[in-house]
Structures are given as C-alpha cells and as structure tokens.
Amino acid sequence: MSRLAQATIHLDALRHNLSVVRSTAPTSHVMAVLKANAYGHGLLPVAHELAPDVDAFAVSCLEEALPLRMAGLNGRIVLLEGFFAAEEIMTFSRHHLDAVIHQPWQIEALAQAPIKSPIDCWLKVDTGMGRLGFLPNDALAAAEQLQRLEGVASVRWMTHLANADEPESTQTDEQLERLSRVLDSTHQASVANSAGTLQWPESHVDWVRPGIMLYGSSPFAWPSPDAALQPAMTLEAELISVKTLAKGHGVGYGGRYICPQAMPVGVVSIGYGDGYPRHAPDGTPVGINGQRAQLIGKVSMDMLCVDLRDVPQAQPGDRVILWGADPVAGDIAQACQTISYELFCRLTPRVQRVYRRGYSNG
Ligand SMILES: Cc1ncc(COP(=O)(O)O)c(C=O)c1O
C-alpha cells in the first residue's frame with residue numbers, strides 16, 4: 001500500500017473489553033451495540049469476533065441487520081428504532097429480528113401485518129431521555145396491547161439513560177425509579193449503556209447494552225480508572241516529510257500556526273478526507289516513536305502537520321499514531337470538543353481497516 005492511513009482493529013482487545021462487561025455485570029445478558037459499522041470498527045469482523053460470547057447484537061436498521069444474517073450470524077439481533085415503515089415488518093419476521101416498539105403506529109402496523117413467524121419486541125419507555133419511547137404513564141397499556149397480538153412472540157422492556165456518564169447527576173436514579181414504577185417482574189428489561197454498565201450497577205438488570213466500552217473507549221469525560229479497557233482501534237499514518245522551518249514561517253492553510261523559532265516540522269499522511277477532525281486545534285497530541293508530538297496548523301484533506309521539537313530524531317517513514325493506546329481517542333475528542341464515538345464513526349472508507357490478534361500500540 002502506498003499511502004498509509006490505517007485503522008488496525010485489535011480483535012483480542014474487543015474480546016477483552018467484552019470480558020470487562022461480563023465481569024462488571026455478571027448476571028446480565030449482554031447485547032453488544034454494533035450500529036454505525038460497529039462504531040467505525042467494521043460490522044462483520046467485529047460481529048464474528050464477539051458472536052460466540054454475546055447474547056444479542058443491537059443495530060439501528062435493516063441495512064445493518066441483514067448483512068449479519070447473510071454472514072450466517074443466527075443469534076438475536078435487536079433493531080433499536082424498530083421498523084421505520086410497516087413494509088419492513090415481514091422482513092423482521094422472515095429474518096427473526098427483534099423490533100424496538102416506541103410509537104403507537106408500530107403497534108397498529110403489527111396488528112395488521114400477516115405475520116407467520118411472530119416477532120420478539122422490546123417496548124421502549126422514555127423515562128427521561130426525551131428521545132424515543134412511550135412515556136411511563138402510557139407504557140403499561142402499550143405493553144398489554146402488544147402482548148395481545150398474534151404477531152408478537154414476546155415483550156421485553158427497554159429504556160435509555162441520558163446522564164449515566166455524570167456520576168453527580170440524580171437523573172439515572174430518577175429514570176430507574178420511573179421504570180420500576182411501571183415495570184412488573186414478569187418482563188425482562190434493558191437499561192444500561194456503557195456508562196450505566198460501568199458506573200450504575202442498579203441499571204444492569206436483565207440485559208446490558210454496551211457500545212463504546214467494547215471498543216475500548218471510556219464513556220466518561222475522564223479515563224475510567226478501574227475499567228481496564230483496551231483501545232480496539234489504532235489509527236496510524238506515516239511521516240512523509242520532515243524539514244526545518246524558520247522562525248516566523250506559517251504552517252498549513254491560512255498560516256494558523258506561526259513557528260516561534262526555527263523548528264522541525266513533520267507532515268503526516270492523514271487528513272480530514274480520512275475522517276481526522278478538521279477542527280483539531282494546535283496542540284492536539286499525536287504519538288511518534290513512543291513519544292508525543294503536537295499537531296500544528298489547519299488539518300488538510302490528506303495531510304496534517306506536527307511540531308517535531310519533542311521528537312527531533314523523527315524521520316520520514318516513521319509511524320504516527322493518531323489515536324490508540326497513547327494518545328487515546330478520548331484525548332483527541334477532548335482536544336476537538338467532541339466524543340470518541342464521533343471520531344470513530346467519521347472515519348472514511350479511505351482508511352484501510354486491518355484486523356489483528358495480539359494487542360500492541362504499534
Ligand atoms: C439505545 C442505545 N442503547 C445503547 C447504546 C450504547 O451506548 P454506549 O456506546 O454509550 O455504550 C446506544 C448508543 O448510542 C443507544 O442509542
């Protein structure tokens with residue numbers, strides 16, 4: 001390969017992170033969230049790696065669910081927004097896909113569909129997220145309606161936490177309380193995302209639904225101290241140019257960075273055309289030869305520039321870690337005022353995904 005812009009996916013890290021989920025929520029079933037191309041890590045390779053040890057996968061639409069079925073993955077697959085149109089219901093039935101039900105029209109559509117193989121449903125309850133779901137007062141009636149339908153095989157409950165990454169917030173307790181007021185013990189339920197799994201044991205209940213922690217990134221704004229997650233992706237590129245620029249020389253479009261002294265400046269073979277954030281500020285860390293250097297100047301489509309004063313021995317051809325074990329994606333997210341989820345999801349197809357066993361930062 002000529003131009004190096006590569007995301008190495010560490011399969012062992014995925015499994016390790018799943019084992020962290022298992023040990024953190026030992027009595028819960030695990031629904032691994034694989035939407036958005038497994039958070040940019042690659043839907044099918046991630047699914048194949050995790051399938052033996054998870055109880056279900058969660059995706060957002062048929063376009064994400066059907067490739068899993070076509071690849072021979074026969075386990076439970078939950079579509080987190082259910083069907084988007086009544087015409088999709090027969091596909092759910094034919095491929096044994098679980099539907100999240102969050103709107104009255106979905107119940108009516110289920111009642112009218114000529115379903116041969118009944119569908120497993122998850123009733124979504126909006127306990128405070130203010131996004132999808134029946135409000136708690138309407139949830140019981142909706143569950144009863146669903147249960148009466150011939151096309152429905154089972155009904156489980158689901159809610160989503162809005163603030164589980166905020167340990168000081170009272171909202172998670174309030175959401176759990178609202179759910180417990182309407183949920184009876186005959187129904188299984190799923191509440192916890194990664195932050196709930198790591199931080200709120202009361203939210204584990206029957207099914208946990210971790211996403212980001214499987215990929216080894218913390219759901220918290222700070223590194224999670226005891227989670228021992230391993231980053232599953234190393235995004236790397238190459239130094240393609242090293243030269244000394246004089247004091248006062250501008251770097252990149254618009255000369256956003258002006259060299260404060262004569263200094264070595266490197267050019268790295270990755271840019272916003274690969275999904276690296278264009279708005280990354282000066283000082284965003286990169287890793288070179290086990291040391292940290294700083295991004296300088298505006299990120300270009302195919303390249304970005306780095307200040308090599310802290311790694312003066314760096315040479316063209318040296319590998320540059322944009323994120324991985326150090327810096328972690330969360331460091332870049334923090335510098336760019338976003339979240340690691342977005343960094344992963346925005347990686348473009350131009351970034352080659354390479355799947356490896358054995359964990360290293362290389
Ligand atoms: C409904 C639902 N459940 C679970 C998750 C997983 O969340 P996380 O990646 O924070 O673990 C998501 C992610 O956005 C979600 O939308």
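Both backbone and side-chain heavy atoms feed into the values below; hydrogens, waters and symmetry mates do not. Note that ligands are numbered from 1 as they come in the structure, with each ligand's atoms numbered from 1 the same way.
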Subject >> For P210, the ligand 1 atoms whose distance to one of its heavy atoms is below 4.0 Å >> reply: 11 (O)
**OP:** For the pair W105 and F83, evaluate ring pair (Phe, Tyr, Trp, His ring centres under 6.0 Å) and give the outcome as yes or no after the intermediate values.
**Re:** CA-CA 11 Å; W105 75 262; F83 40 89; 5.7 Å; yes
**OP:** Just let me know how H160 lines up against ligand 1, side chain, backbone, both or neither, with a heavy-atom cut-off below 4.0 Å.
**Re:** side chain
Original post:
Under 3.5 Å between some N or O of ligand 1 and some N or O of L80?
Top reply: no
**OP:** Give a yes or no on whether the backbone of G40 and the side-chain of R353 come within a donor-acceptor separation of less than 3.5 Å.
**Re:** yes
Subject >> Residue portion contacting ligand 1 (non-hydrogen atoms closer than 4.0 Å) for R131 >> reply: side chain
Original post:
Is R292 salt-bridged to D326, going by a charged N under 4.0 Å from an acidic O?
Top reply: yes
**OP:** Would you tell me whether H10 and T234 have side-chain atoms, one donor and one acceptor, within less than 3.5 Å of each other?
**Re:** yes
Subject >> Matching residue for V306 among V267, L239, T284, I296 - test: side-chain contact (heavy atoms from CB on, under 4.5 Å) >> reply: L239
Original post:
Between D126 and R178, does at least one N-O distance fall below 4.0 Å, as a salt bridge requires?
Top reply: no
**OP:** Determine, considering heavy atoms only, which of A58, S194, S340 sits nearest to atom 11 (O) of ligand 1.
**Re:** S194
**OP:** Among all protein heavy atoms, pick the one closest to atom 14 (O) of ligand 1 and tell me residue, atom and distance.
**Re:** K35 NZ, 2.9 Å
Subject >> Y341: numbered ligand 1 atoms lying under 4.0 Å from its heavy atoms >> reply: 8 (P), 9 (O), 10 (O)
Original post:
To the nearest 0.1 Å, how far is atom 3 (N) of ligand 1 from its closest protein heavy atom, and which atom is that?
Top reply: R209 NE, 2.9 Å
Original post:
Can you find a side-chain donor-acceptor pair between Q147 and H187 that sits under 3.5 Å?
Top reply: yes
**OP:** Among all protein heavy atoms, pick the one closest to atom 7 (O) of ligand 1 and tell me residue, atom and distance.
**Re:** N193 CB, 3.5 Å
**OP:** Look at atom 9 (O) of ligand 1 and say which protein heavy atom is nearest, naming residue and atom and giving the distance to 0.1 Å.
**Re:** Y39 OH, 2.6 Å
Subject >> Per-atom contacts of ligand 1 with I212, taking only distances under 4.0 Å to non-hydrogen atoms >> reply: 8 (P), 9 (O), 11 (O)
Original post:
Under 3.5 Å, is there a donor-acceptor pair linking the side chains of D206 and Q188?
Top reply: no
Original post:
Between P219 and ligand 1, which part of the residue brings a heavy atom under 4.0 Å of the ligand: side chain, backbone, both or neither?
Top reply: neither
